[in-house]
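Scope of the values below: all heavy atoms of this structure, side chains included, with no hydrogens, waters or symmetry mates. Residue numbers start from 1 in every chain, and the chains themselves are labelled A, B, ... in the order their sequence lines are given, proteins ahead of strands.
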There are 2 protein chains.
Amino acid sequence: MKRNTWQREAVREALDGTDGFISAQALHSSLHASGSPIGLATVYRALGDLATTGEADSLQSPDGEALYRACSTTGHHHHLICRNCGRTVEIEADEVEAWAQRVAAEHGFTRAAHVVDVFGLCADCTVLLAAEAR
Amino acid sequence: MKRNTWQREAVREALDGTDGFISAQALHSSLHASGSPIGLATVYRALGDLATTGEADSLQSPDGEALYRACSTTGHHHHLICRNCGRTVEIEADEVEAWAQRVAAEHGFTRAAHVVDVFGLCADCTVLLAAEAR
DNA sequence: ACGCTTATTGATAATGATTGTCAAAACCAT
DNA sequence: ATGGTTTTGACAATCATTATCAATAAGCGT
Ligand SMILES: [Mn+2]
Ligand SMILES: [Mn+2]
Ligand SMILES: [Zn+2]
Ligand SMILES: [Zn+2]
């Protein structure tokens, strides 16, 4: 049976209090900074579990780091992520789901899954960076 | 100025001769097996360059490994990848392109790019794995 | 063909994220 | 409260990737 520990709860809360995706390392640092003595391996395990149960979403950053996020939407969904500040918008993509299934089936593929993420600059960062460039 | 070496050409040819996405490590092993004394660091550099110039496509595998492929299509496209054998089908995704642009704009995001990959089991691997499971 | 300049190579070390180990600590059903 | 079982965490191990840097070899002008 699965047991409840303050460590798991701490990870869950830290993730809830984070706006956007965050890495295991960064979340561990954040927890340490708040005085928590939680171990790094435990943070990795907790995040992995949360991702498995669907309580958190995970994705690979462009440079190959695993990032996690506590999502408000429970079902399957995708993300629009600001590559500057990390701000994230959850998006529905019914047409993409249908497209992925269809294209996989058309080529005889089974057990299809898909990675669909949109990266861009949020409105705020767009103006910020435009100002800097001047 | 950029120089031409047999190492770069060897990597290009090895990639051309590969069906599907492959990692730098695997490509290096493959080259070694064919008797090439090329260094691992050089393979990494060559693949990085090919990806930069657009001669090769790269993506992050679900477990965070960078994979490369010499693509037949030159323009923007996406991939349907067998997670067992690496076999890859290039796919058009016009509706997904449009969707990504629209959803980004709707939320005020600019400079939108997207990561769209479909992973599954190709027809061959589907029957292979079904047999093994028995 | 011959040097010369300098980009490139490759053996190796370094880095950094992630996972494995395993004894000690914590849960929780009884 | 007790005991069996799960979880933790310090640490080592792994694995991909990048940094070093002396040795090599393009390619240009001669
Ligand atoms: Mn989400
Ligand atoms: Mn392609
Ligand atoms: Zn932003
Ligand atoms: Zn396959």
Side-chain angles (χ1 to χ4, degrees), chain A residues 1-15 18 20-53 55-69 83 86 115 117, chain B residues 1-15 18 20-53 55-69 81 83 86 115 117 119:
Chain A
M1 69 297 294
K2 184 151 37 184
R3 297 177 181 178
N4 296 322
T5 64
W6 64 262
Q7 286 93 334
R8 262 204 253 285
E9 192 51 34
V11 168
R12 212 192 314 261
E13 282 177 20
L15 203 59
T18 302
F21 281 85
I22 189 172
S23 70
Q25 301 275 354
L27 195 65
H28 179 244
S29 294
S30 166
L31 282 162
H32 254 210
S34 334
S36 172
I38 191 172
L40 177 58
T42 302
V43 173
Y44 270 99
R45 282 187 289 245
L47 287 175
D49 289 350
L50 289 175
T52 297
T53 64
E55 289 187 74
D57 261 8
S58 69
L59 60 84
Q60 296 288 134
S61 79
D63 50 291
E65 206 181 7
L67 302 181
Y68 299 85
R69 177 160 197 262
R83 67 173 135 254
V115 176
D117 297 304
Chain B
M1 68 298 293
K2 185 153 33 184
R3 296 177 182 177
N4 296 321
T5 64
W6 64 263
Q7 285 94 335
R8 260 204 254 285
E9 192 51 35
V11 168
R12 213 193 312 262
E13 283 177 20
L15 203 60
T18 302
F21 280 85
I22 189 172
S23 70
Q25 301 275 353
L27 195 66
H28 179 244
S29 294
S30 167
L31 282 163
H32 254 209
S34 334
S36 172
I38 190 172
L40 175 60
T42 302
V43 173
Y44 270 100
R45 282 187 288 245
L47 286 175
D49 289 351
L50 289 175
T52 297
T53 65
E55 289 187 74
D57 262 9
S58 68
L59 61 83
Q60 296 288 135
S61 79
D63 49 292
E65 206 179 6
L67 302 181
Y68 299 86
R69 177 158 198 261
I81 306 152
R83 66 174 135 251
V115 176
D117 298 305
F119 292 88

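- B:His32 has its NE2 atom 11 Å from the C1' atom of C:dA11, to the nearest Å.
- The interatomic distance linking B:Asn4 (CG) with C:dA7 (C1') rounds to 12 Å, in whole Å.
- Between the CD atom of B:Glu65 and the P atom of C:dA17 there is a distance of 17 Å, rounded to whole Å.
- When side chains are defined from C-beta on, B:Gln25 does not count as touching B:Val43, because their heavy atoms never get closer than 4.5 Å.
- Of all nucleotides listed (C:dT9, D:dT7, D:dT17), D:dT7 comes nearest to the side chain of A:Lys2.
- In this structure, the nucleotide among C:dG20, D:dA16, C:dG10 sitting nearest to the side chain of B:Trp6 is C:dG10.
- To the nearest angstrom, P of D:dT14 lies 15 Å from CD of B:Gln25.
- Checking D:dG27, C:dT8, C:dT21 against every side-chain atom of A:Arg45, the shortest atom distance belongs to C:dT21.
- Across all non-hydrogen atoms, the minimal contact from B:His28 to B:Ile38 is NE2-O, 3.0 Å.
- For A:Ile38, taking side-chain heavy atoms from C-beta onward, the closest of the listed nucleotides C:dA17, C:dG10, D:dG9 is D:dG9.
- The backbone N or O of B:Gly48 sits less than 3.5 Å from a side-chain atom of B:Thr52, completing a donor-acceptor pair.
- Atom CG in A:Leu31 sits about 14 Å away from atom C1' in D:dG9, given to the nearest Å.
- Side-chain contact check for A:Glu55 and A:Tyr68: no donor-acceptor pair (N or O, by modelled atom type) lies under 3.5 Å.
- Set against C:dG10, D:dG9, D:dT17, the side chain of B:Thr42 has C:dG10 as its closest nucleotide.
- Checking D:dA26, C:dT9, C:dA17 against every side-chain atom of B:Arg3, the shortest atom distance belongs to D:dA26.
- Distance from the side chain of B:Tyr44 is smallest to D:dA16 among C:dT9, D:dG27, D:dA16.
- Rounded to whole angstrom, the span from the NE2 atom of A:His28 across to the P atom of D:dT8 amounts to 13 Å.
- Note that OG of A:Ser61 and CD of B:Gln60 are 7.0 Å apart. Values are rounded to the nearest 0.5 Å.
- The distance from atom CG of A:Leu40 to atom P of C:dG16 is 14 Å, rounded to the nearest whole Å.
- Using a 4.0 Å cut-off, some side-chain N or O of A:Thr5 falls inside it from OP1 or OP2 of D:dT8.
- Between B:Gln60 and A:Gly39, the residue anchored nearer the 5' end of DNA chain D, judged by the nucleotide with its closest heavy atom, is A:Gly39.
- Contacts of A:Gln7 with the nucleic acid, taken as non-hydrogen atoms under 4.0 Å apart, involve only primed sugar atoms and P, OP1 or OP2.
- Mapped onto DNA chain D by nearest heavy atom, A:Met1 and A:Pro37 fall at different nucleotides, with A:Met1 at the one closer to the 5' end.
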